[in-house]
Every structure is written in structure tokens, then in C-alpha cells.
Engineer: 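Pasting a structure here, questions to come.
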Amino acid sequence: MSTMVATNKKGFGATLWDYLTTVDHKKIAILYLVAGGFFFILGGLEALAIRWQLVQPMNDFVSAGFYNELITMHGTTMIFLAAMPLIFAFMNAVVPLQIGARDVAFPFLNSLGFWLFLFGGIMLNVGWFTGGAADAGWTAYAPLSTTSLGEGVDYYVLGLQISGAGTLIGGINFLVTIVNMRAPGMTYMRMPLFTWTAFVASALILFAFPALTVGLFLMMFDRLFGAGFFDPAMGGNSVIWQHLFWIFGHPEVYILALPAFGIFSEIISTFSKKRLFGYTAMVFATVLIGFLGFMVWAHHMFTVGMGPAANSIFAVATMAIAVPTGIKIFNWLFTLWGGNIQINTPMLWALGFIPTFTLGGMTGVMVAAASADFQYHDTYFVVAHFHYVIVGGVVFALLAGTHYWWPKMFGTILDDKLGKITFWLFFIGFHLTFFIQHFLGLMGMPRRYWVYLEGQGLDLGNLISTIGAFLMGIGTIVLLINIIKTSVKNEKVSGDPWDARTLEWAIPSPPPFYNFKQLPLVRGLDPLWVEKTEGRKGMTPAEPLTDIHMPNNSFLPFVMSLGLFIAGFGFIYQKYDLSWLIVLFIGMGITLGCMLIRSVKDDLGYHIHKEDLKKEAEE
Amino acid sequence: MSEHDVLNPKHMPHDPEKATLEGKNKFMGFWFFLGGETVLFASLFGTYLALKDSTNGGSSSEELFGLELVFIMTMLLLTSSLTSVYAMYHMKNHDFKKMQIWLGITVALGLGFLGCEIYEFYHYIHGYEFTMRSSAFGSAFYTLVGFHGGHVVFGLLWIIALMIRNAKRGLNLYNAPKFYIASLYWHFIDVVWVFIFTVVYLMGVL
């Protein structure tokens with residue numbers, strides 16, 4: 001299989017098969033982007049339904065039960081099925097290129113991670129069609145979750161278990177990729193900040209997700225197999241779930257936020273035409289945030305009754321995180337200071353991010369104060385806080401990254417005017433939606449209630465909030481129009497449309513499937529900029545033109561994930577009828593059979609011969 | 001390195017498991033994976049410690065556990081870890097036959113351990129009506145020890161599959177990392193058992 005992949009147009013069937021079997025990190029990035037984008041829109045529609053229900057007092061747009069499903073699925077979808085995969089989309093698209101690698105360390109596992117995520121995501125949403133989705137909140141606290149009727153929470157448990165396995169695999173993959181696959185000269189302290197944040201986020205995934213895995217297993221045993229972990233009647237303790245969930249859940253915030261910081265660091269540096277101010281401090285702050293992220297989970301549980309000593313310790317540890325985060329904010333500001341600033345869509349998102357995220361961080365310190373948190377807990381103040389952090393930090397970064405790396409991923413550039421319209425609609429809509437929620441919360445409006453009464457001073461605030469949400473929706477529609485328009489126009493751009501600094505811009509857009517014909521020699525931070533300042537157009541190769549080793553495509557990851565998906569139904573419905581165990585065994589048999597095939601069948605990949613590379617260059 | 005050199009190396013290097021980039025990646029990736037597994041078991045241990053006295057009026061750990069059987073199980077599993085070290089020693093000396101023999105002994109010891117564990121569970125369920133559903137302690141016990149047992153089953157299937165698959169062609173740079181990480185997995189199972197022995201059984205009867 002040493003022939004070059006044909007570059008001429010393929011039929012739909014061939015393209016589909018290509019994507020079902022691909023192990024190329026760039027194509028997997030596109031799969032993550034499309035699937036994550038789909039779930040982002042789905043979660044957004046759920047959010048709009050929530051806001052429409054709350055547009056006026058005592059509204060009856062949805063029933064109380066359906067409202068519970070909406071809030072649960074909105075949170076779960078946005079965190080696990082939209083934000084995580086979109087982060088993975090950029091990690092896949094960019095990290096191997098930024099470190100000068102030809103692929104990730106485990107291309108097969110990369111594909112497996114994606115399909116596990118997708119089938120898990122579908123599983124989560126199956127509940128909608130079988131009598132009700134999960135309705136116990138995205139945190140699924142016991143005993144609400146263990147006693148929830150129907151199968152909604154079962155789909156939550158199985159869906160998250162499957163997609164969580166995919167995420168863990170992805171995390172390990174990027175850790176090894178970054179440690180082992182860096183190009184000659186790419187030392188740790190020359191790695192772009194996005195790669196650094198991806199690295200630390202991957203380490204967080206590795207150590208945080210297994211806690212969720214265990215929590216979900218215990219929940220599954222309780223709900224489906226009669227165990228009593230969270231059932232006080234059997235001697236169980238429901239607080240165990242809260243601990244396990246937040247031991248995962250708090251690092252999860254940084255798993256999302258750190259790569260977001262990385263994206264903005266790249267953008268701010270590129271469009272200020274300066275190297276990142278305080279690079280070393282930025283790396284240090286990233287690692288420190290990652291470390292502290294594991295020390296603070298119980299600040300979600302101040303009102304559980306852990307006692308003043310535990311509450312104080314977790315409060316102080318939480319406030320400490322403000323220090324490295326503050327370091328980052330100032331470093332971004334100092335990067336801008338005196339820079340040759342160019343304001344385009346990605347840069348607008350970055351500039352909008354800094355004050356927005358700072359606000360979210362400040363309310364974070366407020367809710368970290370344990371005694372004050374007794375007032376904020378379970379009110380809209382908390383809702384406002386975490387949306388400032390997750391939307392103002394992560395979603396802004398994902399939208400910025402979409403505009404920034406679109407040329408690298410697709411070879412076309414998104415329209416800047418439409419991009420700016422998206423930004424302003426979304427940015428204004430965001431602050432309209434969530435700023436007022438701080439005050440709604442302080443006035444005592446609780447989270448997760450489906451109605452509120454008239455004449456309590458909550459009407460106007462909720463109306464404004466709903467208007468803002470719809471502005472964000474319109475902004476998203478403009479982005480979709482932009483994507484369609486750009487794709488139809490299909491105007492190709494150069495490999496380096498932003499006059500940027502890091503390695504991914506040293507190769508064509510979109511890159512050839514082997515990325516680098518010759519591995520580049522990295523001679524400093526911002527390696528492409530180093531070459532540019534010395535008058536060279538591209539990177540100096542670190543090796544002569546040789547054969548390139550490439551991995552084979554495989555259909556196994558898809559089938560392996562499908563097996564778990566099938567087994568999930570067996571797990572759930574055996575609680576009504578044990579004959580469903582057959583489905584469980586069939587599904588697990590498919591997955592384990594695929595693992596056996598993978599183990600015994602040699603898969604050594606293939607080589608692109610240097611003669612073919614030369615021939616291609618001449619064409 | 002071409003495909004041919006990987007499958008039929010002209011001479012085997014000292015560390016055949018790390019001689020190729022794929023091998024190095026597997027080696028490191030598996031260590032990371034074991035880091036994640038550590039958190040997994042730590043979470044299970046934490047849950048067990050929180051619930052070990054929640055017997056719901058049923059059997060307690062003092063009534064259930066007998067150290068004799070657990071001692072035999074511990075010896076079987078610790079010895080199997082040692083024999084897997086011998087297997088890796090012979091792998092590094094490129095003696096495929098001896099490696100297979102020691103892996104075979106490892107598998108036999110592992111099966112012995114598994115037999116004891118199945119007997120133990122059977123005994124608890126039928127002798128004491130102590131099950132997953134009888135109390136929170138039961139849930140926590142079977143989940144923690146059962147997760148470990150599940151790892152033993154998977155590890156045995158894995159090592160057996162590797163032994164059969166490569167029985168005819170011997171050692172090369174493609175399968176050496178596979179053998180190596182399977183043995184790492186086996187060591188990890190052993191380490192977890194040391195903690196189960198201490199936290200569950202010793203602390204349960206003392």
C-alpha cells in the first residue's frame with residue numbers, strides 16, 4: 001500500500017468510507033468539529049427552550065418534567081458533547097502540526113476515541129425517544145438520580161461511560177504525542193502555549209476521568225443491578241457520588257479552560273505581532289492551575305455539611321487559583337501592550353474574552369468564600385458565574401479558534417465581516433443573558449425551577465436574559481451562514497494567511513496527509529517567526545528527504561464503539577427483562593472480538609517512497 | 001525501519017520493547033494508562049472505606065473473611081508477578097521459548113488465583129447470603145474486589161492471546177512491546193492486590 005492517496009475528487013460513498021476508517025488526525029479533527037458543532041447547536045436549542053419557558057412568570061411553554069430533562073441535557077450536552085469534542089477538534093487539528101509531527105502517537109486510538117465519543121453522545125440522547133431523557137441535573141446527584149423513573153438517567157450513565165472512555169483514550173494519546181513526537185529542536189520550553197495547555201489538559205483528563213468512570217459504575221450498579229452505594233436504606237451514602245463527581249468535575253473545568261487559554265495566547269500573540277509576554281510564567285501558571293485544579297473539588301459541596309475546617313481549606317485552595325489565572329490575564333494584557341495590533345474576528349473574540357473571563361473569575365472568588373456561598377448556592381448567581389467562565393472562556397475560545405484555524409483545516413478563510421457580526425451579536429447577547437442573572441440570583445431566584453411567581457422583581461431580568469439568549473442564537477446562525485458561504489465560494493488561501501508564528505503555518509493549507517515532507521528544525525520559540533526574522537520563507541528541514549511511515553486506515557474503531565453502543569441497551573433493558581442480556585453479550589462480544597482482531601492482526605502501516613514525494617513536488 | 005526489519009530483525013537490540021517509535025509510544029502510553037487506573041482503584045478504595053461498616057444488619061467483614069484462603073491467593077498472585085519478571089528477563093535475552101514457558105506459569109498461577117476468588121465469592125453468596133444487593137458493604141466489596149478480578153480475567157486472556165498468536169513466529173520488534181506492556185499490566189494487578197489484601201482483608205479482620 002505504498003501508493004499515494006489520489007487527490008482527485010472522490011464519490012460520496014468513498015468519502016464516507018474514508019471518514020469512517022480514517023486515522024488521520026486532520027480528518028478526525030474535522031469529525032470532532034462537525035459532531036461537536038452538531039451537539040453545540042442541539043444544546044443551544046435546549047438552552048433557548050429553557051429561556052423561552054422563563055420569559056414570563058408562570059409560563060407553561062414546557063411541563064415541569066420536560067423542563068428537568070431540558071436543563072439536564074443542556075448541561076450534559078454542552079460540557080461532554082460540545083465543549084470537550086470541540087477542544088479535541090483543535091487539539092487534533094493543531095497539536096501535531098505545532099510540534100512538527102506527522103501524526104499522533106496512536107492514530108488508531110485517536111479514531112477509537114472519536115467514535116466512542118460519538119456513540120456515547122448518541123446514547124445519551126436516545127432517552128428523548130424512549131419516554132424521557134435524563135432529568136436529574138447534569139450533576140445527577142443521588143438520590144434524585146438513583147430514584148428517577150424510566151431510563152433517562154440510565155442513558156446518561158451509559159452514554160457518559162462510553163464517551164468518557166473515548167475522552168480518556170484521547171488524553172493519553174496527546175500526552176504521549178507531545179512527549180515522544182516533537183520535531184528536532186522542539187524542546188518543552190519552545191512548545192507553543194496551545195500545545196502546553198493541551199498537554200496539561202490531557203494530564204488532567206487522565207487523572208480526573210477515572211473518578212467519573214467509577215462514579216458512573218456505582219450509579220449503574222445502583223440503578224440497574226440492585227446495589228446500594230447511594231441508598232441509605234442499605235447503609236449507603238449519597239455524598240460519595242458528589243465527591244466522585246466533583247473530583248472529576250472540577251478538573252473538568254480546567255480541562256476545558258486551559259486549552260481555551262492556549263487558543264487565546266496564540267491569537268493574541270499572532271495579532272499583536274509580538275512573542276507572548278511572560279511565556280515561562282504562562283507555562284508555569286498553566287501547570288499550577290492544573291495542579292491546584294485537583295485540590296478544590298469540595299468547593300461545590302460547601303452546603304453539604306463537611307464542617308468549617310474542610311470548608312475553609314477548600315475555600316483557601318480555590319482562591320489560590322486566582323493567582324496563576326491573574327498572571328495569565330496580565331500576560332495577555334502585556335502582550336497587547338505596545339503591539340502592532342490587528343483587529344479581526346479571532347482577535348475580537350480574544351479582546352472580548354479578557355474582561356468577560358475576568359468577571360467570571362471574580363465571581364469565582366466570591367463563591368469560593370464558603371460562608372458567603374451559603375447565600376449564593378443553588379441560585380442564579382452560580383448559574384451566571386459558571387456561564388461567564390465556560391461561555392466567556394471556553395465557547396469564546398472555540399469560536400475564536402474556529403475563525404483562526406479554519407484556513408489551516410479547510411484551506412479557505414471565513415468571511416471577516418460576517419465573523420464580526422457573529423461576534424457582536426453573540427458578545428452582546430451573552431452579557432444580556434448572564435449579567436442580569438447575577439442579580440436575579442442575589443434576589444433569591446433558585447436554579448432549576450421551571451417557573452417563578454409574578455411581582456417578585458424577577459420579571460424584567462428574566463425577559464432581558466431571554467432576549468440575550470436569542471441574540472446568541474442569531475449570532476450562531478450568522479456563523480453557520482458564514483461557513484456555508486465560505487465553503488461554496490471555496491477561495492483557497494495560502495499556508496500562512498495571518499502572517500503567524502508557529503509551525504502549523506509553515507506548511508500548506510490544508511496540509512498534505514503526511515504533514516511535513518521533511519521534519520522541520522526548530523530553532524526557538526515561535527519557530528516560523530524565527531525563520532521569518534532571518535529572511536527565510538519557511539522552515540529549515542532537519543532531515544534529508546526520506547520514505548515516510550504512515551498508519552493504515554481501519555474500520556475497527558467504528559465497530560468497536562458500535563459494540564459498546566449495542567451493549568448499552570442490553571445493560572439498561574435487562575432491568576425489565578433478563579432476555580435483554582443477549583443484547584448485552586452480543587454488544588460486548590463485538591467489542592471484545594474487535595479488540596482481539598486488533599491484537600492478533602499485524603498492522604505495521606506503510607511507507608510513502610521518497611520518489612513519489614519528489615514526483616508530487618514536480619507536478 | 002521497514003516493515004520487514006520490524007518483523008524479522010537482523011539482530012535483536014537489548015530493549016526490544018523500546019526499539020521502535022511505536023514501541024516507545026506504547027511503553028509510555030501504557031504507563032500513563034496505569035496512572036489513570038490508579039485513580040480508578042483509588043476511587044474504589046475510597047468508596048469501600050466509606051462503606052465497609054455499613055452492613056445493613058448482614059454479615060460483617062469479621063464474620064466473612066478468612067485469612068487462610070486470602071494468604072493462598074496472595075502467594076499465587078505475588079508469585080505470578082515474579083514469574084512474569086522472569087518471562088521479561090528472557091525476552092530481553094531474546095529467548096522466546098523460555099519466555100513462553102514463564103508466561104505459561106504466570107497464566108497457570110493467575111488461573112489458580114481466579115479459581116480461589118470464584119470459590120470465595122460462591123462461599124459468601126451461598127454460605128452467608130452476602131451479595132451485591134445485601135448491603136452497601138456488599139456492594140462496595142464486590143465492586144472493588146470484582147473490578148480487580150475482572151482485571152485478572154482480562155490480563156489472562158490478553159497474555160494467552162499473545163502467547164498463541166506468536167507461538168510460531170517467535171519474538172520480533174513488533175510483538176516485544178505487546179508482551180512487555182501485558183506484563184506491566186500484570187504487575188499492576190499484583191500491586192492493586194497488595195492494597196486489597198491490606199485494606200480489605202487485614203483491616204477487615206483485625
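Keep in mind it's a predicted model, so treat the numbers as computed, not measured. Within every chain, numbering begins at 1; the chains are lettered A, B, ... in the order of the sequence lines, protein sequences first and strands thereafter. Atom set for the values below is all heavy atoms of this structure, side chains included, hydrogens, waters and symmetry mates excluded.
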Engineer: Checking heavy atoms, do the side chain of A/Leu596, its backbone, both or neither come under 4.5 Å from chain B?
Structural biologist: side chain
Engineer: Side-chain contact, heavy-atom cut-off 4.5 Å: A/Ile247 with B/Val39?
Structural biologist: no
Engineer: What part of B/Ile164 is in contact with chain A, defined as an atom under 4.5 angstrom from a non-hydrogen atom: side chain, backbone, both or neither?
Structural biologist: neither
Engineer: Say you draw a straight line from CZ of B/Phe32 to CD1 of A/Ile205; how long is it, rounded to the nearest 0.5 Å?
Structural biologist: 12.5 Å
Engineer: With a 4.5 angstrom heavy-atom cut-off, which part of B/Leu21 approaches chain A: side chain, backbone, both or neither?
Structural biologist: side chain
Engineer: Do any of residues 184-194 of chain B come closer than 4.5 Å to chain A, heavy atom to heavy atom, and if so which ones, in number order?
Structural biologist: none
Engineer: Can you tell me if B/Ser54 uses its side chain to pair, donor with acceptor, with the backbone of A/Gly236 under 3.5 Å?
Structural biologist: no
Engineer: Between B/Ser139 and A/Gly228, which heavy-atom pair has the shortest distance, and what is it?
Structural biologist: OG-N, 2.9 Å
Engineer: Would you find more than 12 non-hydrogen atoms of other residues, nucleotides or ligands less than 6.0 Å from B/Trp158 atom CH2?
Structural biologist: yes
Engineer: Give the member of B/Gly36, B/Ala50, B/Ala161, B/Gly46 that has the highest number of heavy-atom pairs under 4.5 Å with chain A.
Structural biologist: B/Gly36
Engineer: With only heavy atoms counted, which part of A/Leu206 is less than 4.5 Å from chain B, the side chain, the backbone, both or neither?
Structural biologist: both
Engineer: Between B/Ser43 and A/Ala211, which heavy-atom pair has the shortest distance, and what is it?
Structural biologist: OG-CA, 3.7 Å
Engineer: Find the one option among B/Glu22, B/Lys24, B/Glu37, B/Arg169 whose heavy-atom pairs under 4.5 Å with chain A are most numerous.
Structural biologist: B/Arg169
Engineer: Select one option (side chain, backbone, both, neither) describing which atoms of B/Lys178 are under 4.5 Å from chain A's heavy atoms.
Structural biologist: side chain
Engineer: What part of A/Phe217 lies closer than 4.5 angstrom to a heavy atom of chain B: side chain, backbone, both or neither?
Structural biologist: side chain
Engineer: Counting C-beta onward and ignoring hydrogens, is there a side-chain heavy-atom pair between A/Leu244 and B/Thr47 closer than 4.5 Å?
Structural biologist: yes
Engineer: Does any backbone or side-chain atom of A/Ala208 lie under 4.5 Å from a heavy atom of chain B? Answer side chain, backbone, both or neither.
Structural biologist: neither
Engineer: Taking atom CZ of A/Phe229 and atom OH of B/Tyr48, what is their separation to the nearest 0.5 Å?
Structural biologist: 11.5 Å
Engineer: Can you give me every donor-acceptor pair (side chain of residues 103-112 of chain B, partner residue at least two apart or in another chain, under 3.5 Å) with its distance?
Structural biologist:
residue: B/Thr106; atom: OG1; partner: B/Thr83; partner atom: OG1; Å: 2.8
residue: B/Thr106; atom: OG1; partner: B/Ser84; partner atom: N; Å: 3.4
residue: B/Thr106; atom: OG1; partner: B/Trp102; partner atom: O; Å: 2.7

Engineer: For A/Leu218, is it the side chain, the backbone, both or neither that has a heavy atom under 4.5 Å from a heavy atom of chain B?
Structural biologist: side chain
Engineer: If you tally heavy-atom pairs under 4.5 Å against chain A, which of B/Leu7, B/Leu40, B/Asn25 wins?
Structural biologist: B/Asn25
Engineer: Sub-4.5 Å heavy-atom contacts with chain A: which residues of residues 124-134 of chain B show up?
Structural biologist: B/Met132, B/Arg133, B/Ser134
Engineer: Counting only heavy atoms not in A/Phe291 (residues, nucleotides, ligands), do more than 12 fall under 6.0 Å from its CZ?
Structural biologist: no
Engineer: Flag yes if more than 12 heavy atoms outside B/Lys92 fall under 6.0 Å of its NZ atom; otherwise flag no.
Structural biologist: yes
Engineer: Around A/Tyr188, counting heavy atoms of other residues, nucleotides and ligands shown, do more than 12 lie under 6.0 Å from its OH?
Structural biologist: yes
Engineer: Please assess B/Leu51 against A/Ile240 for the test side chain to side chain contact (heavy atoms under 4.5 Å, CB included), listing each intermediate value before the final yes or no.
Structural biologist: CA-CA 10 Å; B/Leu51 297 176; A/Ile240 292 173; 3.7 Å; yes
Engineer: Is any residue of residues 140-151 of chain B within less than 4.5 Å of chain A by heavy atoms, and which ones?
Structural biologist: B/Ala140, B/Thr143, B/Phe147
Engineer: Any side-chain heavy-atom pair from A/Val176 and B/Lys26 closer than 4.5 angstrom?
Structural biologist: no
Engineer: So what's closer than 4.5 Å to chain B heavy atoms on A/Ser599: side chain, backbone, both or neither?
Structural biologist: both
Engineer: More than 12 heavy atoms of other residues, nucleotides or ligands under 6.0 Å from OH of A/Tyr141: yes or no?
Structural biologist: yes
Engineer: For A/Phe106, which atoms come within 4.5 Å of any heavy atom of chain B: side chain, backbone, both, or neither?
Structural biologist: side chain
Engineer: Give, as side chain, backbone, both or neither, the part of B/Leu44 having an atom under 4.5 angstrom from any heavy atom of chain A.
Structural biologist: both
Engineer: On a heavy-atom basis, which atom in A/Asp602 and which in B/Tyr174 lie closest, and how many Å separate them?
Structural biologist: OD1-CE2, 3.1 Å
Engineer: Identify which part of B/Phe30 has an atom lying under 4.5 Å from any heavy atom of chain A, answering side chain, backbone, both or neither.
Structural biologist: neither
